[in-house]
Amino acid sequence: MTAMKDWDCRSWCLARAQALKPALKHWSVRPRAIVQPERCPDAWQHCRMRDVAPAETLRDRAFGKGESFIVDLGESVVGRIRLRLRPLGWNDSPCRLRITAAEMPHEAAANLETDFHGCLSRAWMQDETVNVDVLPGDCALPRRYSLRYLKVEVLCVAEKVAFEDIEVIAEAAERDLPPAPQELPEEWRLIHQTALRTLRNCMQDVMEDGPKRDRRLWLGDLRLQARANAVSFRRFDLIERSLLLLAAASDDDGRVPGCVFTEPHLRHGNDTVDYALLFAPTLEDLVSQTGDRDLAQRLYPLAARQHELFRSQLNDDGLVRHDAQGWIFIDWADFDRQTALQGLAVYSLRSLARLARLCGLHEQALRHQDEAERLAAALRRLRYAPERHLVLSGPRREVSWAGQIWPILGGVFTPDESRDILLAVARQPDAQRPVTPYMQHHLLEAYRHAGLHRQAADLLSAYWGAMVRHGADTFWEVFVPGDDFLSPYQDALLNSACHAWSCTPAAVMDDLWRQLNA
Ligand code: RAM
């Protein structure tokens with residue numbers, strides 16, 4: 001029999017995660033208005049919704065073959081759809097409908113049969129063809145959708161049909177959004193609530209990344225969700241359950257997956273080098289919020305194991321190798337990842353050292369601390385150009401924003417140096433900029449670390465604020481102002497418009513506002 005490894009607490013994690021399964025809350029949401037998409041160049045994705053009539057007028061309208069309508073729920077929710085149909089005139093056949101749940105106006109307006117050209121499955125699109133056999137009758141779709149808009153097309157019907165009632169039974173672990181802090185200005189309050197609605201809609205059986213896509217638990221997203229949760233819903237049970245599921249799905253080497261599938265049973269998903277290193281900081285955040293030392297002690301060895309596995313990615317100088325193996329996510333863009341990953345590894349080691357100290361493991365804490373300093377020193381010595389105030393990544397000495405941001409967050413530079421670096425990279429037009437709210441969050445944190453509070457506030461308004469101005473009531477997976485159809489999946493229809501990793505303004509705004517006004 002092989003000895004049990006010290007990091008292996010998978011069955012304990014799974015049992016505890018199962019015990020923490022949340023009871024979901026349900027509530028009814030009815031449409032606000034009948035709307036019509038309008039194609040216009042100044043709207044985001046060239047499409048906006050215009051009100052046509054109040055939703056109550058729908059039940060008096062007759063729809064025949066080929067006719068359709070779209071309703072706006074007034075709020076983005078996650079839930080199940082029910083329709084009540086009434087026949088008008090002679091009725092001797094089933095009624096066939098195409099129903100499309102959409103997060104964005106552009107999605108509701110699209111013809112999914114002809115317009116879709118994404119590289120992920122077309123089945124992510126939330127459209128169904130259903131037959132209602134008996135009229136009058138109800139049609140309750142069995143699946144869960146993430147939606148703001150609902151499009152109904154009558155494909156076939158004997159004569160005409162009316163829609164008596166439309167209801168979405170919304171579901172999530174929480175229902176009501178905690179209010180925005182009173183002192184925040186109006187624009188920031190809107191951003192705050194949009195962030196919390198994003199988080200709320202992702203709070204399902206586990207912390208999902210996006211309730212439309214991938215409907216999955218990802219470690220990188222979880223870490224940011226946990227931060228916004230700590231200052232709002234405070235559902236630490238759901239954070240703990242999610243972290244435990246990731247731990248329980250580690251492979252036989254102790255590698256924590258980047259994501260897990262939880263149905264029909266727990267499975268290890270993609271391996272993501274950077275996310276695995278974020279296991280320690282996510283655990284540290286949780287334990288510092290709940291004071292649960294027992295959890296820290298149980299999971300510390302697994303957090304440390306991620307660094308044992310990571311060491312093979314370093315060269316003799318202690319620098320991430322150019323040919324580092326595996327999927328290093330960092331952001332959805334093409335740039336050299338060496339220094340971003342190096343900075344992230346230092347960030348993680350510092351967190352691991354604090355965790356070890358918390359667990360009373362002082363010798364280990366010192367070792368992690370030493371390793372952090374060694375990696376930080378290697379980065380400074382071999383990749384920092386002090387005269388240019390820039391960190392240069394990879395064999396071609398590339399400059400990217402992520403390559404500056406992660407070393408700053410790793411504490412490789414003093415706040416003054418960090419300030420110079422962030423101002424210098426802004427003068428580099430060719431440096432790859434952040435593409436996702438995930439990376440923008442890290443930029444926001446880097447500004448704060450460098451004491452650039454004004455820049456952080458401007459970013460909040462220019463980035464998350466811009467999504468609100470474009471009509472968002474949940475924040476998006478991908479957003480680059482001016483690049484409306486950008487998608488990592490070759491079609492913006494596949495982008496998720498309610499995405500966990502974009503909910504972090506709620507975690508920082510209160511503090512940031514105080515710092516600005518100090
Ligand atoms: C996509 C999703 C997810 C993210 C991974 C890396 O599949 O956007 O949220 O964490 O990429």
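We count ligands from 1, going down the list as the structure has it; atoms in each ligand are counted the same way. All residue numbers refer to positions in the sequence shown, counting from 1. Computed over heavy atoms, backbone and side chain alike; hydrogens, waters and symmetry mates excluded.
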Look at atom 8 (O) of ligand 1 and say which protein heavy atom is nearest, naming residue and atom and giving the distance to 0.1 Å.
E477 OE2, 2.6 Å

Does any N or O of ligand 1 fall below 3.5 Å from an N or O anywhere on W501, backbone included?
no

Of the backbone atoms (N, CA, C, O) and the side-chain heavy atoms from C-beta on, which set of H499 has a member under 4.0 Å from an atom of ligand 1: side chain, backbone, both, or neither?
side chain

If you measure only the distance, is there a donor-acceptor pair under 3.5 Å linking the side chains of S496 and H499?
yes

Strictly by modelled atom types, are D127 and T100 linked by a side-chain donor-acceptor pair under 3.5 Å?
no

Among all the protein's non-hydrogen atoms, which is closest to atom 10 (O) of ligand 1, and how far away is it?
D221 OD1, 2.5 Å

Atom 7 (O) of ligand 1: nearest protein contact (heavy atom, Å):
D214 OD2, 2.8 Å

Indicate whether any N or O donor in one side chain lies under 3.5 Å from an N or O acceptor in the other, for H268 and S250.
no

I'd like to know if the side chain of R337 reaches the main chain of F329, judged simply by a donor and an acceptor atom lying under 3.5 Å from each other, with no hydrogens or angles considered.
yes

Interfacing atoms of ligand 1 (cut-off 4.0 Å, heavy-atom, R213)
1 (C), 2 (C), 7 (O), 8 (O)

Residue W327 vicinity, atoms of ligand 1 by number, heavy atom under 4.0 Å:
6 (C)

Any donor-acceptor N/O pair, Q313 side chain to A324 backbone, under 3.5 Å:
no

Ligand 1 atoms in contact with D209 (distance to a heavy atom under 4.0 Å)
2 (C), 3 (C), 9 (O)

For ligand 1, is any non-hydrogen atom under 4.0 Å from Y438's backbone (N, CA, C, O), its side chain (CB onward), both, or neither?
neither

Evaluating non-hydrogen atoms only, which member of Y275, W332, Y489 is closest to atom 6 (C) of ligand 1?
Y275

Is the NZ or CZ atom of R213 both under 6.0 Å from the centre of the six-membered ring of Y489 and within 45° of that ring's axis?
yes

Where the side chain of R216 meets the backbone of C259, is there a donor-acceptor pair that is under 3.5 Å apart?
no

Min N/O separation W218 to ligand 1 under 3.5 Å
no

Would you say CZ of R39 has more than 12 non-hydrogen atoms from neighbouring residues, nucleotides or ligands within 6.0 angstrom?
yes

